[in-house]
Amino acid sequence: MNEPLSELMGTAMDKIQSMVSSNTCIGDPIVTADGTTLVPVSRVSYGFASGGNDKAGGSAKTGVWGGGGAAERVEPVGFLLIRDGGARMVSIQPPAFTTADRFLDLVPELLGRLEGYLDKYRPRRKKEN
C-alpha cells in the first residue's frame with residue numbers, strides 16, 4: 001500500500017480510538033447523599049470509511065488522492081443503580097411495544113431473581129480435605 005494512503009487510514013483510525021473508550025459506554029459513578037451509586041450507561045455505535053487511489057505508473061496524471069470519515073452516536077440507555085449490596089439496571093428508554101420486547105427487557109431481572117432463589121435453596125456441598 002502507498003505511504004500517503006497508509007498515513008490517511010492510520011490517522012483516521014487514531015481519531016476513532018480517541019473518540020470511543022470504555023468511559024463512553026459506562027460513565028463515571030455518581031454517589032448520592034444516601035449512599036446510592038448511579039452509573040450512567042450508554043449505547044455507542046460508530047462507523048468508518050476510507051478510500052483512495054494512486055495514479056502513479058504510466059499515467060500522465062500522477063498523484064495520490066484519498067478521503068476518510070467517521071461518525072459516532074452515543075445514546076443514553078439508563079443507569080446502573082447500586083444500593084444496599086445489590087444492583088439493578090434502571091432504563092430510561094421508552095417502554096417496549098411488543099410482548100417479545102418487554103420479555104427481553106425483563107430477562108436480566110428474571111435471571112437475577114432465579115439465581116437468588118437457587119442460591120437460597122441449593123444444598124451446600126461439603127468440602128473434601
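- Between Ile92 and Gly78 the shortest heavy-atom distance is CG1-N, 3.7 Å.
- Arg83 pairs by the side chain to side chain donor-acceptor pair (under 3.5 Å) definition with nothing, not counting sequence neighbours.
- Follow the hydrophobic side-chain contacts under 4.5 Å out from Ile82 and you never reach Val90; the two are in separate clusters.
- Interatomic distance, Leu38 CG to Leu80 CG, rounded to the nearest 0.5 Å: 9.0 Å.
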Legend entry - Step-by-step side-chain contact (heavy atoms from CB on, under 4.5 Å) determination, Arg73 to Val44: CA-CA 6 Å; Arg73 179 179 176 200; Val44 177; over 6 Å; no
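- Applying the side-chain hydrogen bond (donor to acceptor under 3.5 Å, both in side chains) definition to pairs two or more places apart or across chains, those involving residues 33-44 are Thr32-Asp34, Asp34-Thr36, Arg43-Glu75.
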